[in-house]
Amino acid sequence: MCEFDHLSQRERELALLAAITQRETFMIEISHVDKWYGPGFQALKDCTTSVAKGEVVVVCGPSGSGKSTLIKCVNALEPFQSGEIILDGIKVNDPKTDLPKLRARVGMVFQHFELFPHLKIIENLCLAQEKVLGRSHDEAVAKSAKLLDRVGLKDHARKYPAELSGGQQQRVAIARALAMDPIAMLFDEPTSALDPEMISEVLDVMVDLAREGMTMMVVTHEMGFASKVAHRVIFMDQGEIVEDALKTDLGF
Ligand code: ADP
């Protein structure tokens, strides 16, 4: 998954940290972004931040402060009116950018899983691999099986989403996003629709991903997750980024 794969876990964490601290390679660059919903309501105000390759950034703030809107702008699920977002060197708001192609490269995990209810778990994982990436069915099935195993759900491949718990469905949603070999993952309150006892099973998968060097932007209220793996924390309020600090500077 990353260039540090040959190193031990500890060496890898140190190498990643060094690369992130230098912040030389940016995966996501957000510059002076303004976003209005309709003519009267400005949801994002002059938002500027960046996410280095391998960096884990937690976005928090009160409800309605623009967190979800901000991460949806990153993969162009929401258009914005001014400013610029560059994703792995590609300008998101350039009319020439192939948005479906760009979105296929960024994994997105939503609060409400968004699995297809009429498809089995394995089919949910295979669909975009085959339709968007052009993988053969066998290749997609093999990749899906591996990822289901990784999120602890290999025995559930033939079930339908409704037969799984919320926590299991969210782990399927993460596996589905990973099946596309994303360059970065965006999470929009991935645990807030879950019963409390299911939150940790989802967070554990996310912690593993973070430790493997995945670039992540995570909207969450789970400060335990932030303290464990985030490198930076962004606080939003009324559409503005009011604080953007290294976790160590925040004292946790
Ligand atoms: P958060 O994720 O911090 O709760 P959101 O980004 O969802 O905040 O929303 C920011 C503001 O934009 C809120 O006031 C919300 O009501 C408004 N908003 C979000 N989506 C839409 C939409 N599709 N149309 C109009 N207003 C919206």
Side-chain angles (χ1 to χ4, degrees), residues 27-51 55-87 92-93 95 97 99-100 102-103 106-115 166-167 169-170 173-174 177 182 184-196 198-199 202-203 205-206 209-210 214-227 229-247 250 252:
M27 189 60 86
I28 303 167
E29 293 176 81
I30 300 172
S31 311
H32 304 292
V33 167
D34 293 304
K35 152 96 187 158
W36 281 265
Y37 285 112
F41 180 71
Q42 189 169 3
L44 296 178
K45 299 173 188 161
D46 196 27
C47 290
T48 296
T49 190
S50 54
V51 183
E55 193 170 32
V56 179
V57 173
V58 161
V59 184
C60 51
S63 178
S65 57
K67 309 179 296 291
S68 175
T69 303
L70 182 71
I71 63 162
K72 284 183 186 152
C73 286
V74 169
N75 65 350
L77 280 181
E78 282 291 351
F80 50 95
Q81 286 78 13
S82 65
E84 184 175 88
I85 297 183
I86 311 266
L87 183 63
V92 171
N93 52 321
T97 297
L99 290 182
L102 179 118
R103 285 193 199 109
V106 183
M108 179 105 195
V109 175
F110 301 92
Q111 190 176 347
H112 294 292
F113 331 134
E114 315 287 350
L115 301 174
Q169 289 188 57
Q170 193 58 300
I174 295 173
M185 290 278 289
L186 308 174
F187 293 85
D188 191 1
E189 304 211 30
T191 57
S192 49
L194 299 177
D195 291 337
M198 292 171 190
I199 290 176
V202 172
L203 290 178
V205 170
M206 293 168 61
L209 261 184
M214 176 62 78
T215 306
M216 294 164 67
M217 242 182 134
V218 185
V219 175
T220 185
H221 301 288
E222 295 292 335
M223 286 302 116
F225 172 80
S227 78
V229 290
H231 301 105
R232 282 191 13 258
V233 180
I234 290 174
F235 289 94
M236 295 192 70
D237 193 23
Q238 297 184 35
E240 287 181 71
I241 294 177
V242 291
E243 172 106 54
D244 184 347
L246 281 174
K247 188 176 66 183
L250 295 167
F252 72 96

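All ligand and atom numbering here is 1-based and tracks the order in the structure.
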### Message
Please report the interatomic distance CZ(Phe80) to OG1(Thr69), rounded to the nearest 0.5 Å.
### Response
12.5 Å

### Task
Report the nearest protein non-hydrogen atom to atom 8 (O) of ligand 1: residue, atom name, distance rounded to 0.1 Å.
Gly66 N, 3.2 Å

### Task
Name the closest protein heavy atom to atom 5 (P) of ligand 1, giving the residue it belongs to and the distance to 0.1 Å.
Thr69 OG1, 3.6 Å

### Task
Return yes when Gly38 approaches ligand 1 closer than 4.0 angstrom through a heavy atom, no otherwise.
no

### Task
With rounding to the nearest 0.5 Å, note down the distance linking OG in Ser31 to CD1 in Ile86.
7.0 Å

### Message
Starting from atom 4 (O) of ligand 1, what is the nearest protein heavy atom, named by residue and atom, and what distance separates them?
### Response
Gly64 N, 2.7 Å

### Task
Please examine the side chains of Asp188 and Lys72, heavy atoms only from C-beta on, and report whether any two atoms are closer than 4.5 Å.
yes

### Query
Where is the nearest protein heavy atom to atom 18 (N) of ligand 1: which residue, which atom, and how far?
Tyr37 CE1, 3.3 Å

### Within-4.5 Å side-chain heavy-atom neighbours: Thr220 and Cys60
no

### Query
Looking at atom 2 (O) of ligand 1, what's its closest protein heavy atom, distance included?
Ser68 N, 2.9 Å

### Task
Using only heavy-atom distances, determine whether the side chains of Ser65 and Asp237 contain a donor-acceptor pair under 3.5 Å.
no

### Query
Are any of the N or O atoms of Glu189 closer than 3.5 Å to those of ligand 1?
no

### Message
One pair to check against side chain to side chain contact (heavy atoms under 4.5 Å, CB included): Tyr37 and Glu78. What are the steps and the verdict?
### Response
CA-CA 10 Å; Tyr37 285 112; Glu78 282 291 351; 3.6 Å; yes

### Query
Just by distance, with hydrogens left out, do Asp34 and Gln42 show a side-chain donor and acceptor under 3.5 Å apart?
yes

## Note on the structure
The closest protein heavy-atom partner of atom 12 (O) of ligand 1 is Phe41 CE2, 3.3 Å

### Summary
The single option from His32, Met236, Glu240 that satisfies side-chain contact (heavy atoms from CB on, under 4.5 Å) with Leu44 is Met236

### Query
Among protein heavy atoms, which sits nearest to atom 3 (O) of ligand 1, and what does the distance come to when rounded to 0.1 Å?
Lys67 NZ, 2.7 Å

#### Entry: Atom indices of ligand 1 within 4.0 angstrom of Pro62 heavy atoms, with elements
3 (O)

### Message
Please report whether atom 16 (O) of ligand 1 has a protein non-hydrogen atom at a separation of less than 4.0 Å.
### Response
no

### Task
List every atom of ligand 1 that sits less than 4.0 Å from any heavy atom of Ser65, numbering the atoms from 1 in the order shown and giving each element.
1 (P), 3 (O), 8 (O)

